[in-house]
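For reference, the structure is listed below as structure tokens.
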Amino acid sequence: PLVTIASTGNVGIGTTSPSVKTEIVGADATVYASTGAARAPNGTILRVANSDTTAGNLAAIDLNVAGTGVAGGQHAYIGAVQGASYTPNIVFGQSTGAAAWTERMRIDTSGNVGIGTTGPASIVSINTTANTLPILESSSATGLVGWYFQKSAVLKGFLRVNADDTMSLNNQAIKKLDFGTDGTTRMTIDSSGNVGIGTTNPSSNTLQVTGSAGKTVGGTSWQDLSDA
């Protein structure tokens with residue numbers, strides 16, 4: 001049979017012995033690919049469709065715990081909201097009150113991810129009215145925690161806490177490392193390790209200061225000094 005309703009009330013599609021409320025079993029050997037020539041991949045798929053073409057309409061799966069129906073329980077949903085051309089927005093949300101729900105995350109039609117925003121401006125946008133402090137954590141006391149930056153699968157730099165709890169900011173490319181404020185570079189470490197303050201080109205000096213450099217004892221300016 002195509003559909004089985006067991007004595008337990010469980011429903012099976014493609015199986016005669018469903019072990020949960022609804023169980024769907026398929027035997028499609030199609031290998032999944034991340035892109036394809038059709039609008040959806042092949043395989044054993046549960047499809048929820050909304051055939052209406054009204055802009056912004058929704059097709060979704062609503063999960064409910066501790067209750068039944070729309071008015072009871074605690075709800076979480078994942079859905080597709082009609083977007084432009086062939087690409088929908090993917091939305092994730094949850095109930096927030098007796099008669100309220102809120103979208104928590106969205107993947108928009110460009111593939112940008114928004115957390116706390118329905119209009120992500122970049123590949124990942126996070127918006128909240130509280131403190132925005134993402135946490136990266138390792139469960140190992142000697143684990144590495146940080147961000148690695150790559151271009152075309154080549155590591156270009158990283159910011160991380162090391163196994164010994166020291167912190168590293170490193171440009172892996174043979175390029176300089178700039179520090180700035182208000183859109184202006186204030187300090188540079190060049191590819192040789194020379195430091196420039198007030199200059200982006202410290203030339204051959206280990207430390208070069210362009211501008212004034214004050215000291216608190218014995219005067220208000222420095223002279224050219226060397227440890228040679």
Side-chain angles (χ1 to χ4, degrees), residues 1-96 100-127 134-139 147-156:
L2 297 177
V3 179
T4 297
I5 302 177
S7 59
T8 57
N10 294 342
V11 177
I13 301 175
T15 176
T16 57
S17 55
S19 58
V20 292
K21 290 299 182 183
T22 301
E23 184 171 351
I24 302 173
V25 177
D28 192 316
T30 303
V31 177
Y32 171 75
S34 59
T35 60
R39 297 195 193 185
N42 292 320
T44 301
I45 294 173
L46 174 65
R47 179 167 291 133
V48 178
N50 182 346
S51 62
D52 190 89
T53 58
T54 303
N57 66 16
L58 173 71
I61 296 175
D62 177 27
L63 307 175
N64 187 358
V65 294
T68 60
V70 174
Q74 301 172 3
H75 294 254
Y77 66 86
I78 175 173
V81 175
Q82 183 178 333
S85 188
Y86 299 105
T87 309
N89 298 279
I90 305 172
V91 295
F92 304 79
Q94 61 189 169
S95 57
T96 55
W101 77 87
T102 299
E103 179 181 316
R104 298 301 192 186
M105 186 173 75
R106 169 179 296 230
I107 304 174
D108 72 9
T109 57
S110 299
N112 294 335
V113 177
I115 300 175
T117 175
T118 59
S122 186
I123 189 69
V124 177
S125 294
I126 301 175
N127 181 47
I135 296 175
L136 299 177
E137 182 176 354
S138 171
S139 60
W147 294 99
Y148 282 70
F149 307 97
Q150 294 190 168
K151 288 184 176 180
S152 301
V154 177
L155 179 64
K156 296 296 184 180

Applying side chain to side chain contact (heavy atoms under 4.5 Å, CB included) to T87 and not counting sequence neighbours gives T109

Run the ring pair (Phe, Tyr, Trp, His ring centres under 6.0 Å) test against F149 and tell me which residues pass, sequence neighbours left out.
none

Could you state the interatomic distance from CG (L2) to OG1 (T16), rounded to the nearest 0.5 Å?
12.0 Å

For T118, all residues meeting side chain to side chain donor-acceptor pair (under 3.5 Å), sequence neighbours excluded
none

Rounded to the nearest 0.5 Å, what separation is found between the CD1 atom of I115 and the CD1 atom of I107?
10.0 Å

Please identify each residue that fulfils side chain to side chain contact (heavy atoms under 4.5 Å, CB included) with T102, with sequence neighbours left out.
T96, R104

Can you give me the closest heavy-atom contact between P18 and A6, atom names plus distance?
CG-CB, 4.1 Å

So, taking the atom named CG in N50 and the one named CG in N57, what distance separates them when rounded to the nearest 0.5 Å?
4.5 Å

Taking S125 for the side chain and P120 for the main chain, is one N or O donor matched with an acceptor at less than 3.5 Å?
no

V91: which residues meet the side chain to side chain contact (heavy atoms under 4.5 Å, CB included) condition with it, sequence neighbours left out?
L58, Y77, V81, E103, R106

Apply side-chain contact (heavy atoms from CB on, under 4.5 Å) to residues V65 and L63 and explain how you reach the verdict.
CA-CA 7 Å; V65 294; L63 307 175; over 6 Å; no

Atom pair CD1/CG of I78 and D62 - distance to nearest 0.5 Å:
12.0 Å

T54 versus Q82: any side-chain heavy-atom pair under 4.5 Å?
no

For S34, the side chain to side chain donor-acceptor pair (under 3.5 Å) test, sequence neighbours excluded, returns none

Can you list the residues that meet the side chain to side chain donor-acceptor pair (under 3.5 Å) rule with Q74, with sequence neighbours excluded?
none

Residue pair N112 / S110, side-chain donor-acceptor N/O under 3.5 Å:
no

Quick one: side chain to side chain donor-acceptor pair (under 3.5 Å) partners of Q150, sequence neighbours excluded?
none

The side chain to side chain contact (heavy atoms under 4.5 Å, CB included) partners of S17 (sequence neighbours excluded) come to T15

Output side-chain donor-acceptor pairs under 3.5 Å for residues 41-48, partner residues at least two apart or in another chain, one line each.
none

Residue I24 excluded, over 12 heavy atoms near CD1 under 6.0 Å
yes

